[in-house]
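Right, one structure below, let's go through it.
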Protein chains: 2
Amino acid sequence: MLRLSKLTDYAVVVLVRLDTGLEVQTSPGIAASIGIPEPTVAKVLKSLSSAGLVTSQRGARGGYRLARVLEDIPVGEVIAAMDGPIALAACVDGSVTECESRSLCPVRGRWDPVNDAIQSALSGISLADMREAAIPAVFRVPHSAVLEPSDVSR
Amino acid sequence: MLRLSKLTDYAVVVLVRLDTGLEVQTSPGIAASIGIPEPTVAKVLKSLSSAGLVTSQRGARGGYRLARVLEDIPVGEVIAAMDGPIALAACVDGSVTECESRSLCPVRGRWDPVNDAIQSALSGISLADMREAAIPAVFRVPHSAVLEPSDVSR
DNA sequence: CCAATCAGGACTGCGATGGTCCGGTTATGA
DNA sequence: TCATAACCGGACCATCGCAGTCCTGATTGG
Ligand code: FES
Ligand code: FES
């Protein structure tokens, strides 16, 4: 299903929500504003913080703030922060899974090109793009048609 | 981790292995040649068969055969056959997950562009590409040096 | 000193995945 | 005709990762 984890979905929501003019926002505040349980939001924010996507301010009147503007955060980086490095198959890089029959295996570790393709696809879309997309289409200027509608089908 | 299921990995191995001049190959035979337990290979082949990627011949001297040449099988199709349709987030298309706070959610169902990007990246790589990469460099005529031998190692 | 907030774990329940197995059906060929 | 080889379509169970919660510190502001 190529499904990414729910936490990653939350992370995008949280990051987009953080993009306001406010100085810092607290974890309970964000949780309330997007309707996700507070402990879960806190967990997401902690992960994002250690990944360097948000900066934190401890103590009373503390909170979180975006480390960069949304335009500079590719969605692939968010996924990597939440789900770990993107590695489709077991035999890509330093994964410890031995793949016992490596000598017989006709594809060996050759998911790499696929991996790279996804990687670059994910690097080309920023969180700002996802935020923009959420705005009803009438409000958007069609600045760039990056994707062909033709092969979007199937 | 964006990890795809192990069964999908096997599927690619099996499909590439099916690409020989032989008429049909049996499930036990394939299992033996790639060193994966037979029942598992059988399961994979059944899925591939119902997805129309391989054709089957029942009865004694039966077996499986590729429905198309490897060049015409994009890797995305294999993934879809094994793991179901590619849908990154919960709120993409007709998934039943309600996403209760949809009115508040700042990204709404907007994983769609990301989804499409991955989709098209996965459609651009065929199984033939993966097979080529797997053959040891010495055996390949350098008709096209698509891959550096350096990173074949690992 | 006290309150608010983040940090970093441990912990648990659930669901999907992987792997196996079994009874049934179809085709070959002796 | 009959035995055999292979696929078909399930059911079945163990395991593992994920989602979600909670608890104990550390840090800052009032
Ligand atoms: S699946 Fe790991 S080496 Fe082939
Ligand atoms: S996460 Fe589903 S609508 Fe926002």
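Each chain gets a letter, A, B and so on, in the order the sequences are listed, and its residues count up from 1.
Atom CG in Asp83(A) sits roughly 7 Å away from atom P in dC18(D) (whole-Å rounding). When the P atom of dG17(D) is taken as reference, atom CE of Met82(A) falls 17 Å away, rounded to whole Å. Atom CG in Leu45(B) sits about 15 Å away from atom C1' in dG9(D), given to the nearest Å. Distance, Arg65(A) CZ to dT5(C) P: 15 Å, rounded to whole Å. The separation between Asp9(B) atom CG and dG19(C) atom P is 11 Å, rounded to whole Å. For the pair Glu23(B) CD and dA6(D) C1', the interatomic distance rounds to 16 Å; values are reported in whole Å. Across the protein-nucleic acid pair, Leu48(B) atom CG and dG9(D) atom P stand 13 Å apart, rounded to whole Å.
For the helix from dC1(C)-dG30(D) to dA30(C)-dT1(D), the terminal axes (five pairs an end, C1' atoms, rotation from four pairs onto the next four) enclose an angle of 10°, given to 10 degrees.
Atom CD1 of Ile118(A) is separated from atom CH2 of Trp111(A) by 8.5 Å, given to the nearest 0.5 angstrom. In this structure, OG1 on Thr20(A) lies 4.0 Å from CD on Gln25(A), to the nearest 0.5 angstrom. Taken from CG in Asp83(B) to OG1 in Thr8(B), the straight-line distance is 3.5 Å, to the nearest 0.5 Å.
A heavy-atom distance below 4.5 Å is found between the side chains of Val75(A) and Met130(A).
Between dG19(C) and Tyr10(B), a contact under 4.0 Å exists linking OP1 or OP2 to a side-chain N or O. Of the side-chain N and O atoms in Ser49(A), one or more sit less than 4.0 angstrom from OP1 or OP2 of dA7(C). Considering only side-chain N and O atoms, Ser56(B) lies under 4.0 angstrom from the phosphate OP1 or OP2 of dC8(D). Using a 4.0 Å cut-off, no side-chain N or O of Tyr64(A) falls inside it from OP1 or OP2 of dT5(C).
With sequence neighbours excluded, no residue forms a side chain to side chain donor-acceptor pair (under 3.5 Å) with Gln119(A). Residues satisfying the side chain to side chain donor-acceptor pair (under 3.5 Å) test with Ser27(A), not counting sequence neighbours, are Glu38(A). Considering only residues two or more places apart in sequence or on other chains, Pro37(B) meets the side-chain contact (heavy atoms from CB on, under 4.5 Å) condition with Pro39(B), Thr40(B). Every residue two or more places apart in sequence or in another chain that forms a side chain to side chain donor-acceptor pair (under 3.5 Å) with Asp19(B) is listed here: Arg131(B).
Residue Ser5(A) has its side chain nearest to dA19(D) when only dA19(D), dC6(C), dG18(C) are considered. Counting only heavy atoms from C-beta on, Leu7(B) has its side chain closest to dG18(C) among dC6(C), dC8(D), dG18(C).
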Letter per nucleotide, 5' to 3', of nucleotides 21-30 of chain D [B base touched, S only sugar-phosphate touched, - untouched; heavy atoms, 4.0 Å]: B---BBBBS-
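Within the 4.0 angstrom heavy-atom criterion, only backbone atoms of the sugar-phosphate kind lie near Ser27(A); the bases stay farther away.
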List, one per line, each side-chain donor-acceptor pair under 3.5 Å for residues 48-68 of chain B, sequence neighbours excluded.
residue, atom, partner, partner atom, Å
Ser50(B), OG, Lys46(B), O, 3.2
Ser50(B), OG, Ser47(B), O, 3.0
Arg65(B), NH1, Glu23(B), OE1, 2.9
Arg68(B), NH1, Asp72(B), O, 3.0
Arg68(B), NH2, Glu77(B), OE2, 2.5

